Amino acid sequence: MPDSPSTPPPRPALRRTLTWRDGFAIAMTLPTGLLVTGGYAIGTIGAWTAICIWVAATLIGLLQNMLFAEIPSMFPGSSGGITRYAAEGWKRYFAPLSAVAAFGYLIGWSFSIAVNAAAIGELVHSQWFPQVTGGFRLLSHEIGLPELIALLAIAGGWALNYFGVKIAANLNKCMSVVVIAGLAALVVSSPASGGWDLGHLTWYQGGNWLTLVVWFYVTAWTTYGTEICASFAPEYRDPARDTARALQRATLFMVVVFFAVPLAMSGAIGEQRISGDPLSAFAMAFQQSLGTSSWIGVSILVVALFLGMVSTTADGGRALYGLAEDGMTLRQLHWLNRWGVPGRSLTLDAVINAVILLLLGEPLSILLASNLGYLVAMTLAVGSFLLLRKDRPHWPRPIRRGRIWVPVAAVLFVLVAGMTHPSLAGYGGFRETAAGVGILLVSVVLFAYRRLVQDRQPLQWRIETPALPPDNSGLAAQTAPADGKPTQK
């Protein structure tokens, strides 16, 4: 029987075309964060200290991902990644926190597009067009060729995502081979080179422990970032199994990279040279170890940074889409284009990054502004694991962690520090912190506008949640033992 004229057409759904390998490929671009911020950290606190912070933070990220693997299995059709799961846990207690978590996560990922774009602009300009100078001022920031190159990179990352996530995933698979080959070449060749020396690595001598906390905070986005795999849960062929596998394998890959690459890089060129030009440290180490022209190392670095932009563009767009889908921001963003991706959200995300790039410019300043929101979102997502265990004990969980993970989640929940002290890192200050707080407050305004104006509903500070999903048939078909491995009845 045909639909009546009054029946609204069904909304397009996200397409289940990905496997865990696609999610892993998208996450493999995360070491680009190390290549952007690694030189700053090594030059400030010493290589050994920085390596210890990176490895510790990556292991914390692994524990968080073990928790996050359970929640997507509870909501296999929900887009938005950990922000959607944070909303499910917190809206029963204080609904605006759902919007804060989602926008915090959005700026954490979204602003990193501007970070990578700014780095690409500076690297390409200094390597191939150093003679091109001049520009014009926009407010307090100089706009020149590096900024124009960065804007082109943002547009390219948007285009590769707008026409289907599979395009972005396949591109990442191909180009990641180049990046991983370059990192592997550096790690293997550095000890074999005559100039490599562990004596080039030192420990932090400053004596201010808050500085170490701040650098843990600065690197958190890069080391925790493998939770990006959860953002594509409804697009995996097997949402529960593929999400869990992608999260675990991506994090283990990161542990290796964050130990081996800075060890090789610092031993090859020394901390003093890294401190003098932190953004080009990888290219200098590549040239030192392999004896080739620096343009090869710069090219690999630019490719890695662009791949990171492609992945983060995909994640930022889905965060906005999931937020709108859950009624937490503008209704117009709950829309998929003909290729089954959230085109409006991707476009808005690209525009926001272009504005941030033009206003802040410096990569680390942008990162400091975004990390506040990102860590708020991560903390609320971990807390949501505890709340969902408490409030929805009978909700089907195809992947269920053992009881030991409840106290682990409680410990992780309190491990957020350094948010109010970015100036101790030597970069940033009130402006960056104010930018992060301001965007979080905007999220509450948009949440209120959606509820009061667009949905014409009263502003609810608390939203009751059901004890079981409305349609339990799909989830109840799967059960899992406490070890978290899904099984079929």
Side-chain angles (χ1 to χ4, degrees), residues 2-14 71 74-107 109-110 231 233-234 315-338 340-352 355 373 376-377 380-381 383-384 387-388 391-392 395 436-472:
D3 292 339
S4 65
S6 61
T7 302
R11 286 186 179 274
L14 292 168
I71 309 178
M74 299 172 63
F75 310 100
S78 296
S79 178
I82 66 165
T83 63
R84 187 67 178 271
Y85 314 139
E88 290 291 342
W90 287 97
K91 64 185 179 182
R92 182 177 181 180
Y93 297 91
F94 189 61
L97 280 182
S98 303
V100 169
F103 264 77
Y105 185 73
L106 171 66
I107 66 173
W109 275 103
S110 181
S231 295
D315 193 52
R318 280 155 182 80
L320 269 177
Y321 174 81
L323 190 63
E325 185 179 40
D326 208 29
M328 297 293 175
T329 192
L330 302 179
R331 181 187 298 164
Q332 289 79 5
L333 297 177
H334 187 205
W335 179 84
L336 300 177
N337 64 17
R338 68 161 81 174
V341 298
R344 290 175 183 170
S345 298
L346 291 170
T347 302
L348 178 60
D349 196 30
V351 172
I352 291 173
V355 173
V376 168
L380 293 174
S384 182
L387 295 176
L388 290 171
D391 298 332
R392 309 190 200 183
W395 195 286
V437 173
I439 292 181
L440 293 180
L441 293 177
V442 168
S443 69
V444 179
V445 174
L446 292 177
F447 167 72
Y449 180 82
R450 171 66 185 268
R451 299 287 298 182
L452 296 174
V453 179
Q454 293 191 319
D455 294 343
R456 298 186 181 278
Q457 296 179 0
L459 188 61
Q460 293 179 276
W461 300 111
R462 300 177 63 183
I463 301 175
E464 290 301 320
T465 56
L468 290 172
D471 180 9
N472 198 26

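Just the heavy atoms: all of them, side chains too, but no hydrogens, waters or symmetry mates, feed the values below. Just so you know, these numbers come straight off a predicted model, no measurement behind them.
- The shortest distance between side-chain heavy atoms of Arg392 and Glu88 falls below 4.5 Å.
- Here the straight-line distance linking atom CG of Leu388 with atom OH of Tyr85 works out to 11.0 Å at 0.5 Å rounding.
- Taken from CZ in Arg450 to CG in Leu452, the straight-line distance is 12.0 Å, to the nearest 0.5 Å.
- The heavy-atom pair separating Gly317 from Pro342 by the smallest distance is O-CG, 3.9 Å.
- With a 4.5 Å cut-off on side-chain heavy atoms, Trp395 and Thr465 do not count as touching.
- Taking CG of Leu348 as the start and CG of Leu330 as the end, the distance is 8.0 Å to the nearest 0.5 Å.
- Put simply, OH on Tyr449 and CG on Asp455 are 10.5 Å apart, with the number rounded to the nearest 0.5 Å.
- Atom CG of Leu97 sits about 10.0 Å away from atom CZ of Phe447, to the nearest 0.5 Å.
- The minimum heavy-atom distance between Asp349 and Leu320, with the atom names listed, is N-CD1, 4.4 Å.
- Ring planes of Phe94 and Trp461: parallel class, angle under 30° (limits at 30 and 60°).
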What verdict does the side chain to side chain contact (heavy atoms under 4.5 Å, CB included) test give for Arg92 and Leu387, after you've listed the backbone C-alpha separation in whole Å, the side-chain angles of each residue and the deciding distance to 0.1 Å? CA-CA 9 Å; Arg92 182 177 181 180; Leu387 295 176; over 6 Å; no
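- When side chains are defined from C-beta on, Arg462 does not count as touching Lys91, because their heavy atoms never get closer than 4.5 Å.
- Using a 4.5 Å heavy-atom threshold, the side chains of Ser345 and Arg318 count as separate.
- Nearest heavy-atom pair, Trp90 versus Ser384, reported as atom, atom and distance to 0.1 Å: NE1-N, 3.7 Å.
- Heavy-atom minimum distance, Ala101 versus Ala86: CB-CB, 3.9 Å.
- Between the side chain of Arg331 and the backbone N or O of Gln454 there is at least one donor-acceptor pair closer than 3.5 Å.
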